[in-house]
> 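Here it is, the structure in full.
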Amino acid sequence: MHFDVVIVGGGHGGAAQAAQLRQRGFTGSLAIITAEPELPYERPPLSKEYLAGEKSFERMLLRPPAFWAERNVEVMTGTRVTAVDAAAHNLETTAGAISYGQLVWAAGGDPRKLSSPGHELPGLHAIRTRADVDALKADLKPESRVLVVGGGYIGLESAAVLRKLGHSVTVIEAMDRVLARVAGPELSAFYEAEHRAHGVEIVTGAGLASLAAVGDAKLATLTDGRQIVADVVIVGIGIVPAVEPLLAAGATGGNGVWVDDHCRTSLPDVFAIGDCALHANAFAGGAEIRLESVQNAADMAITVARVITGDPAPYHAVPWFWSNQYDLRLQTMGLSIGHDQTVLRGDPATRSFSLIYLKAGKVIALDCVNAARDYVQGKALVEQGVVVPVEALADTATLLKTWHPA
């Protein structure tokens, strides 16, 4: 088999890549290779509405099945790439050899697994694919005791859903606060208090030392010595970028695969986008990072589509993220990496407020909780690195758009 463009990965990035190429007039042969048995679908609802039973899988499809057929996009489901021969422009896959003109790697990552004793026990669940969540739901019984390992977005979102479903939930986080990798201490404290108010036990500063089977349950021993009995264990400790075939083929990388400002890897005619793409990001002070977000995957797909269709423009997009927990809608604009000042806008007691992060006086990021207006109006401030008086940022009567660049 040969395709002019092969896209590896059936998530947001892969789906956006195919759609963007066709939208921009690309008429060559085009294939998406995905290891999953399903057509490309949304991932964010997995830890939220899908886990809660509030959204059917059919409503999570990114495009209806007819979309791919009408645009002559071959979607090869249940197919895994095992090796890349960059010089020959050839892929070895579980469906046979496939040659390509250009390759876009959008494979994302695989859930990071526990390394502590007991990590091989059955019944440990990740939340990364539909199959993961279906297996988790099958294991849940009425009033199951659930242990969530990891206090990031996935861990807290699933904890919120499971509490709503009537399960007892304990979240353990090895760092000294939840959301430590993505938010400031003030936001962490707010979310810890919210979860505790809903009956979730939050344990910080303690990792998982070991797991042991106790009948049908599991006994978790923490690094601080305390023990927790759980019927179900969810592991949400990040992902491992799925880039082994590219690195084995000689691509530059390590924590992901390195790409330039047009999302090209160091291999000829090979691009990478989304969660697995290690790139220098202007909103992180030029540091090389990976961004695990729908926004990043979609914007990088646009960058690659422009290169392939002869209208190149470097990747430059303000990062944004969101998280739904209980009745709280957290929306983040920008990256707070390296901030030296935090401004509170609004009153957390009202459950509607924003935290604005500054660096050398410039606005670099906002965390907005039930404050959509701040989130929307804050984008231009982050994009342009606008200096705004702290008093004005803190004053909810002053709209942030007042300080938009002319």
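Any value given below was found using the heavy atoms of this structure, including those in side chains, with hydrogens, waters and symmetry copies removed.
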> Please, which pairs that meet salt bridge (charged side-chain N to carboxylate O under 4.0 Å, His left out) have at least one residue in residues 167-176, sequence neighbours excluded?
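Output for this query lists Glu173-Arg181.
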> Pairs in or reaching into residues 382-406: which pass side chain to side chain donor-acceptor pair (under 3.5 Å), with residues at least two apart or in two chains?
Asp395-Thr398
> For a 4.5 angstrom cut-off between non-hydrogen side-chain atoms, does Arg63 reach Pro40?
no
> Under a 3.5 Å cutoff, is there a donor and acceptor pairing between the side chains of Asn324 and Arg329?
yes
> Less than 4.0 angstrom from a charged side-chain N to a carboxylate O is my criterion; do Asp275 and Arg128 meet it?
yes
> Does the side chain of His279 come under 3.5 Å of the side chain of Asn281 through a donor N or O and an acceptor N or O?
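Short answer, yes.
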> For Arg345, give me all partners under side-chain hydrogen bond (donor to acceptor under 3.5 Å, both in side chains), at least two apart in sequence or on another chain.
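Arg345 satisfies side-chain hydrogen bond (donor to acceptor under 3.5 Å, both in side chains) with Asp374 only.
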> Should the pair Glu49-Arg59 be classified as a salt bridge under the 4.0 Å nitrogen-to-oxygen rule?
no
> I want to check something: taking the side chain as every heavy atom from C-beta on, are Leu330 and Phe321 in contact at a cut-off of under 4.5 Å?
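When only atoms from C-beta onward are counted, Phe321 and Leu330 do not touch, as no gap falls below 4.5 Å.
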> According to salt bridge (charged side-chain N to carboxylate O under 4.0 Å, His left out), does anything in residues 149-168 pair up with another residue at least two apart or in another chain? List the pairs.
Lys48-Glu157, Glu54-Lys164
> Report all side-chain donor-acceptor pairs from residues 102-112 shorter than 3.5 Å, counting only partners two or more places apart or in another chain.
from, atom 1, to, atom 2, distance (Å)
Trp105, NE1, Ala242, O, 2.8
Arg112, NH2, Ile239, O, 3.1

> Taking 4.0 angstrom as the limit, do Arg145 and Asp231 come out as a salt bridge?
yes
> Which residues satisfy the ring pair (Phe, Tyr, Trp, His ring centres under 6.0 Å) test with His316, sequence neighbours excluded?
Phe283
> Under a 4.0 Å threshold between the charged nitrogen and the carboxylate oxygen, would Glu36 count as salt-bridged to Arg130?
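Salt bridge: no.
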